[in-house]
Amino acid sequence: MLYYDNVLSMNGLACASCHIQQVAFSIPGPGPTGMAVPSHVNLGWNPEFGWAGGEKMLDHVALADLEEGNVFLNANNDSILVRLTRHPQYPEMFRKAFGVDILQVQLAERKEYISFALAQFMRTQISGDSRFDKFMRGEAGGNLSASEYKGYGIFFSERGDCFHCHGLPLFTNGSFNNNGLDSVFRAGNLGRFAVTGDSADLGKFRSPGLRNIALTAPYMHDGRFQTL
Ligand code: HEC
Ligand code: HEC
């Protein structure tokens with residue numbers, strides 16, 4: 001409910017404004033920081049979050065969005081305190097979910113409970129029963145066309161070499177790699193280096209999971225490719 005509700009924001013946005021369900025909880029264009037919006041799928045298994053892996057806990061990702069002046073929600077104390085306090089349902093829902101009086105706890109703690117609730121929801125955004133999964137399990141409905149089957153052969157062999165970074169079952173190795181997009185690095189494409197300060201991490205980005213990939217154009221961290 002919070003994910004789809006703009007109750008927390010001062011700019012009218014909800015999480016679902018940029019993470020749009022119809023396109024795998026992504027957005028068909030650049031995000032507010034110039035970075036492409038990653039889809040929300042199988043996040044519960046991600047070891048790190050964001051294109052450069054700046055955050056380790058899904059429970060904490062939304063905390064940054066709940067900062068005042070932040071381009072995501074621009075939530076301020078007023079929006080979090082007053083709107084939740086006056087809301088007919090949220091206080092009771094927080095009591096049921098966490099056993100707390102959301103109106104009595106400190107602001108920092110209140111943000112945490114909001115973030116926990118959002119993280120629990122995001123853990124339910126799962127892809128594991130696609131046509132491809134049925135194909136792998138040899139089930140009805142899991143037929144690949146001739147050209148899809150050729151692509152499968154290339155993807156999972158040394159010919160295409162995709163599987164090393166986009167392996168099963170999540171189509172990611174959960175790690176950071178440089179797939180050779182750029183040879184010159186400046187603000188915006190520093191990648192993992194921006195988090196670790198290690199020059200070996202220049203231009204490395206999280207190898208994204210490729211589930212629902214047909215829905216999530218544009219592609220790469222900066223959305224430079226319009227089509228798959
Ligand atoms: C204005 C657009 C916008 C809004 C609103 C927004 N997000 Fe995002 N979200 C993004 C962008 C852009 C990124 C990628 C950031 C990066 O890595 O540079 C992102 C990344 C994330 C990630 C990391 C995903 C991954 O694959 O690592 C999570 C989780 C997330 N957002 C959850 C939320 C939640 C929860 C809310 C609501 C509290 C929210 N977002 C609101 C644009 C938005
Ligand atoms: C060395 C690891 C590696 C290999 C091998 C690799 N990729 Fe990737 N792939 C990445 C990384 C890292 C990114 C994100 C790069 C960025 O955004 O700057 C990416 C991004 C993508 C994207 C865009 C995802 C999105 O959400 O925008 C697609 C599609 C993709 N790869 C498909 C493939 C295919 C098909 C192959 C085989 C021909 C392949 N990859 C081989 C690491 C790899």
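Just so you know, ligand 1 is whichever comes first in the structure, and atom 1 is the first atom listed for that ligand. From a predicted model like this one, the values you see are computed outputs, not experimental measurements.
Residue-level proximity to ligand 1 for A14 is carried by the backbone, the only part with a heavy atom below 4.0 angstrom. Residue-level proximity to ligand 2 for L181 is carried by the side chain, the only part with a heavy atom below 4.0 angstrom. In W51, the part holding a heavy atom less than 4.0 Å from any atom of ligand 2 is the side chain. In L58, the part holding a heavy atom less than 4.0 Å from any atom of ligand 1 is the side chain. At a heavy-atom distance under 4.0 Å, only side-chain atoms of L210, from C-beta outward, approach ligand 2. At a heavy-atom cutoff of 4.0 Å, ligand 1 is contacted by the side chain of L73 but not by its backbone. Counting heavy atoms closer than 4.0 Å to ligand 2, residue I213 contributes side-chain atoms (C-beta onward) but none from N, CA, C or O. Within the 4.0 Å heavy-atom criterion, neither part of L8 lies near ligand 1. Neither the backbone nor the side chain of H221 comes within contact range of ligand 1; no heavy atom lies under 4.0 Å.
Considering N74, D65, N70 only, the shortest heavy-atom separation from atom 34 (C) of ligand 1 involves D65.
In this model, a donor atom of one side chain and an acceptor atom of the other lie less than 3.5 Å apart for H40 and Y3. In this structure, a donor-acceptor pair under 3.5 Å is absent between the side chains of N178 and D182.
Applying the 4.0 Å criterion to heavy atoms of C165 picks out, from ligand 2, the atoms 1 (C), 2 (C), 3 (C), 4 (C), 5 (C), 42 (C), 43 (C). Near R206, the atoms of ligand 2 lying under 4.0 angstrom from a non-hydrogen atom of the residue are 12 (C), 14 (C). Heavy-atom contacts of D161 reach the following atoms of ligand 2: 5 (C) (cutoff under 4.0 Å). Ligand-side atoms of ligand 2 in range of G160: 37 (C), 38 (C), range being under 4.0 angstrom from any heavy atom.
In summary, an N, O or S atom of H166 is located under 2.8 Å from atom 8 (Fe) of ligand 2. Residue side and main chain included, C18 places no N/O/S atom under 2.8 Å of atom 8 (Fe) of ligand 1.
Annotation: cation-pi geometry not satisfied between R211 and F171 (NZ/CZ under 6.0 angstrom from ring centroid, within 45° of ring axis).
Taking CZ from R192 and NZ from K204, the interatomic distance works out to 9.5 Å, rounded to the nearest 0.5 Å.
Not a single heavy atom of S17 sits less than 4.0 Å from an atom of ligand 1.
Between E148 and R131 there is a salt bridge, since at least one side-chain N of the basic residue sits less than 4.0 Å from a carboxylate O of the acidic one.
Within the 6.0 Å centre-distance limit, the rings of Y152 and Y149 are counted as a close aromatic pair.
There is no protein heavy atom less than 4.0 angstrom from atom 15 (C) of ligand 1.
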